[in-house]
Structure formats: structure tokens, C-alpha cells
Amino acid sequence: MNKSSGKGFHWGHGIILTFVLFGAFMAYFYIHMTHQVIELVGDNYYEDGQKFQKKINLKNQVIPASDTLQVQFLADNTYILVRLPQGIQAAHLKFFRPSNSKQDKQFEWKGKDGEAWTLPSGFLTKGPWKYSISWRVRGHEYLKEARLIID
């Protein structure tokens, strides 16, 4: 009886091959991941955190009825009407597009006290948007944020 000489592929070779392939994959994964840019923390993270806390505080404060403002969409969403309170000193309106930051828009109110603020809304493409409006009345700052869907 002549036994085979054992030079073929068997389970021992399979285990070694598995470890070698796993090691190669881990080396590739390590090299690939060390070259990725991850921007979870900004350069000025402390200042950004302070600004974010200020934003939270502004959103949570109670707005007196005399200082409220209203944002409405008119004429089949072709115009934005902002009804401003009496005594307003400044207003800033930002529109954010979650899927494309290049479509974000900002508007600064420059007008007389007591006037309504009308803006064209042609830049608002179909889909989800978020707007943030901040204003100052008689030395008090306020912030309002809302989400909207343009059909």
C-alpha cells in the first residue's frame, strides 16, 4: 500500500491561508483608515460649544407676545413674508438645505421699524429645508427654528 505523500492542499493549509488573508485585510483596513480625514471635532471646539449653548438658551427662552414675529409663505410659496414686531432692531434669516449646503441662503433685515419683510423664495427647491430666524427687540435677542417641506 502506497500512501499519498501529503503534498496536496489540506485543512492545515486552509487555516494558514485564512490567517494570511485576514492579516492582509486588516493591514489594508488600517492603512486605508489612517488616511481618512475625520472632522468630528472642529478646530475651535470650545468656542463652537459656547455658541451652541447660547443658541440653545435663545431657543428655550419665552418670547413675549409683543416681541414675536411670524414667518409665512405666500402666493404658492413664491414669497416669504416675515411680520416683524414693533421696536425691532435687527433680524437675520437663514435657510439650510440638509442635502446640499451650496443651496443655503442668508438674509439680513434692513428696513424701518414696523414694516413687513418680504423675500422671494425661488431658491427653495423641492425637498426638506430648515430655517432659523434670529432677531433683536429692545435689547433682547430671540431665536426661532423650524423645518419645512417644499412640494
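None of these values were measured; they are calculated from a predicted model.
- In the hydrophobic clustering of ILVMFWY residues, with side-chain heavy atoms under 4.5 Å counting as a link, Leu119 and Ile150 come out together.
- There is no path of hydrophobic side-chain contacts, each under 4.5 Å, that joins Trp109 to Leu74.
- Under the 4.5 Å side-chain criterion, counting only non-hydrogen atoms from C-beta, Val137 is in contact with Trp135.
- Considering CH2 of Trp11 and OG1 of Thr18, their distance stands at 12.0 Å, rounded to 0.5 Å.
- Note: Ile149 CD1 to Lys130 NZ = 13.0 Å, rounded to the nearest 0.5 Å.
- Crowding of Phe22 atom CZ: a count of heavy atoms from other residues, nucleotides or ligands under 6.0 Å not exceeding 12.
- Around the CZ atom of Phe123, the shell of radius 6.0 Å holds more than 12 heavy atoms that belong to other residues, nucleotides or ligands.
- Rounded to the nearest 0.5 Å, atoms CZ (Phe95) and CG (Leu148) are 6.5 Å apart.
- The line from CD of Gln106 to OG of Ser132 is 9.5 Å long, rounded to the nearest 0.5 Å.
- Heavy-atom minimum distance, Leu81 versus Ala116: CD1-CB, 3.7 Å.
- Evaluation of the side-chain contact (heavy atoms from CB on, under 4.5 Å) rule for Thr125 yields Arg97, Gln103, Trp129 as partners, not counting sequence neighbours.
- Taking CD of Gln70 as the reference point, atom CD of Gln72 lies at 5.5 Å (rounded to 0.5 Å).
- Looking at Tyr131 and Ile80, their side chains never come closer than 4.5 Å, going by heavy atoms from C-beta outward.
- Under the side-chain contact (heavy atoms from CB on, under 4.5 Å) criterion, Ile31 pairs with His35, not counting sequence neighbours.
- Applying the salt bridge (charged side-chain N to carboxylate O under 4.0 Å, His left out) test to Arg83 and every residue at least two apart in sequence or in another chain returns nothing.
- Follow the hydrophobic side-chain contacts under 4.5 Å out from Leu124 and you reach Phe107 in the same cluster.
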Considering only distance and modelled atom types, tabulate donor-acceptor pairs under 3.5 Å from the side chains of residues 60-69, sequence neighbours left out.
unit_1: Asn60; atom_1: ND2; unit_2: Ile56; atom_2: O; d: 3.3
unit_1: Gln61; atom_1: NE2; unit_2: Glu141; atom_2: O; d: 2.3
unit_1: Asp67; atom_1: OD1; unit_2: Arg138; atom_2: NH2; d: 2.4
unit_1: Asp67; atom_1: OD2; unit_2: Tyr142; atom_2: OH; d: 2.9
unit_1: Thr68; atom_1: OG1; unit_2: Ala65; atom_2: O; d: 3.1

Chi angles and distances behind the side chain to side chain contact (heavy atoms under 4.5 Å, CB included) call for Ile88, Trp117: CA-CA 12 Å; Ile88 190 162; Trp117 187 15; over 6 Å; no
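- Leu21 belongs to a hydrophobic cluster whose remaining members, ordered by chain and number, are Leu17; membership requires side-chain heavy atoms of ILVMFWY residues under 4.5 Å apart, directly or through intermediates.
- Leu93 CG to Ser134 OG: the interatomic distance, rounded to the nearest 0.5 Å, is 8.5 Å.
- Checked against side-chain hydrogen bond (donor to acceptor under 3.5 Å, both in side chains), Lys55 has the following partners two or more places apart in sequence or in another chain: Glu145.
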